[in-house]
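Reading through the structure tokens given below for one structure.
Residues take their numbers from the sequence shown, with the count starting at 1. Nothing here was measured: the structure is a model prediction, and the numbers come from that model.
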Amino acid sequence: MESMNKEDQTSDSWVADGIGNTRRTVYLRKRSDDYDLDKINMYTFSETDKYSRSFAPYLELRYGEVLLNFAESACGAGKGQEALDALRELRARVGYTGDCGLDASLAGDRAALFAAILYERQIELAYEGKRFDDMRRWMLWDGGATQYLIDGAPSHWMPTGWGGNTCDYLGVPPLNGTRRTGIYIYYKGGVGEQADNKQSPEDRDSTILNDPLMILAAEGVETAVRPPALDLMKDPVSYTGTMAALADYYNNNFGIKRLDNQDGWIIEDILKQTVDWKPRHYFLGLRHNAQSVNPTLYQTIGWDDRQGHGIWFDPLAE
């Protein structure tokens with residue numbers, strides 16, 4: 001491993017996407033261009049500004065999303081087989097074969113097919129900023145069942161399709177009432193108390209020298225430590241042994257610590273809070289300054305009107 005003391009590399013663990021000041025987060029490789037991946041850096045990094053700019057093109061819409069958008073539209077139009085074919089084409093691009101793990105019965109079950117499409121969007125578009133809009137579009141915080149609580153909401157705001165509740169229709173649990181879960185992945189055989197996972201996260205960060213992912217990495221022989229990665233271009237049956245080796249490697253060397261008061265850990269305040277999405281947020285209102293500079297604009301139903309019009313904008317009006 002080359003020295004990290006270069007302006008085109010992070011000085012803290014070579015972590016991508018500006019999160020190099022802490023290891024307590026997801027290590028993002030998706031859409032990143034780390035120097036250690038291709039040796040041709042396309043970003044500018046400094047100790048003070050971190051990642052100040054990147055010359056890598058930003059893909060706002062790519063073919064995978066086109067297939068997903070088509071699948072959802074086809075499902076909505078009653079073209080179940082076309083939607084299923086689009087999902088299979090998406091999976092075939094990464095090496096799936098046959099039915100690509102998507103049963104033929106999905107084509108005739110509109111609700112199950114919609115649910116499969118949304119699940120596929122979670123996988124394919126992870127970390128691409130799409131999930132929030134998917135959840136808002138499908139009202140997945142509460143299924144739309146609390147629209148009647150919005151002050152001034154007309155009767156047609158309550159869902160009449162989808163059985164009156166999108167979450168029930170799709171068979172997915174509503175997000176409201178849940179809370180974020182924080183976890184740490186730790187090395188079981190570390191120094192001192194790290195072995196029984198009693199150390200604080202800060203102390204654990206200072207005792208990673210025995211981490212099997214790091215022991216030989218400094219000598220440039222990572223493959224001597226880590227089992228081989230999966231090759232998704234191969235038939236799944238052919239890498240059963242590799243899957244087992246990976247599972248054994250992580251089960252033997254690593255554990256997961258959940259941030260939970262019952263385990264004696266101090267849980268961050270943000271992790272204590274349960275999700276409480278307000279029904280009016282499905283249709284966003286105007287900011288105060290937007291109405292101030294445009295006094296003829298009517299505020300969205302359910303939001304405070306700074307102009308005192310007494311007339312409200314209905315985004316669902318025909």
Can you get from [X] to [Y] by hopping between Ile, Leu, Val, Met, Phe, Trp and Tyr side chains that sit under 4.5 Å apart?
X    : Y    : result
L284 : F132 : no
M158 : W138 : no
W277 : L149 : no
I301 : L316 : yes
M139 : Y169 : yes

If you define the side chain from C-beta out and look only at heavy atoms, does anything of [X] sit under 4.5 Å from [Y]?
X    : Y    : value
L87  : C100 : no
N69  : L61  : yes
L125 : R62  : yes

Pairwise distance [atom1]([X]) to [atom2]([Y]) - rounded to 0.5 angstrom:
X    : Y    : atom1 : atom2 : answer
R179 : D276 : CZ    : CG    : 15.5 Å
L118 : R131 : CG    : CZ    : 6.5 Å
M135 : C167 : CE    : SG    : 7.5 Å
Y96  : L102 : OH    : CG    : 8.5 Å
L140 : L175 : CG    : CG    : 8.5 Å
I117 : L68  : CD1   : CG    : 8.0 Å

Write down the atom of [X], the atom of [Y], and the distance for their closest heavy-atom approach.
X    : Y    : result
D305 : G310 : OD2-N, 3.6 Å
A71  : A83  : O-CB, 3.2 Å
A145 : N165 : CB-ND2, 3.6 Å
G144 : Q147 : O-CG, 3.3 Å
A111 : L170 : O-CD2, 3.9 Å
T300 : G285 : OG1-CA, 3.7 Å

Is the ring pair W162/F114 parallel, tilted or perpendicular, if the boundaries are 30 and 60 degrees?
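Taking F114 first and then W162, their aromatic rings stand perpendicular (interplane angle over 60°).
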Which residues pass the ring-ring contact (aromatic ring centres under 6.0 Å, His included) test with [X], sequence neighbours left out?
X    : result
Y298 : H309
W303 : H281
F70  : none

* Asked: Do other residues, nucleotides or ligands put more than 12 heavy atoms under 6.0 Å from the NZ atom of K79?
  ->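 Not more than 12 within 6.0 Å, no.
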- Query: Would one find more than 12 heavy atoms of other residues, nucleotides or ligands at under 6.0 Å from atom CG of D151?
  - Reply: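 Atom CG in D151 is not crowded, with 12 or fewer foreign heavy atoms closer than 6.0 Å.
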Is D134 paired with R136 through a side-chain N to carboxylate O contact shorter than 4.0 Å?
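So R136 does not pair with D134 through a salt bridge.
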Taking [X] for its side chain and [Y] for its backbone only, find out whether a donor-acceptor pair lies under 3.5 Å.
X    : Y    : answer
Q291 : L297 : yes
T146 : P279 : no
R110 : C75  : yes
D99  : G101 : yes
E124 : E65  : no

| said: Going by the rule side-chain hydrogen bond (donor to acceptor under 3.5 Å, both in side chains), which residues pair with S73 if we only count those two or more places apart in sequence or in a different chain? | reply: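 Once residues adjacent in sequence are excluded, S73 has no partner under the side-chain hydrogen bond (donor to acceptor under 3.5 Å, both in side chains) criterion.
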inquiry  = With ring pair (Phe, Tyr, Trp, His ring centres under 6.0 Å) as the test, pick out the partner of W157 among Y148, Y282, F283.
reply    =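 So, applying the ring pair (Phe, Tyr, Trp, His ring centres under 6.0 Å) to W157 and each of Y148, Y282, F283, only F283 qualifies.
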Residues that R306 engages under salt bridge (charged side-chain N to carboxylate O under 4.0 Å, His left out), provided they are two or more places apart:
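Counting only residues at least two positions away or on another chain, R306 forms no salt bridge (charged side-chain N to carboxylate O under 4.0 Å, His left out).
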Q) Going by the side chain to side chain donor-acceptor pair (under 3.5 Å) test, which pairs reach into residues 83-92, not counting sequence neighbours? A)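 Pairs touching residues 83-92 that pass the test: Y63-E89, Q81-D85, R91-E120.
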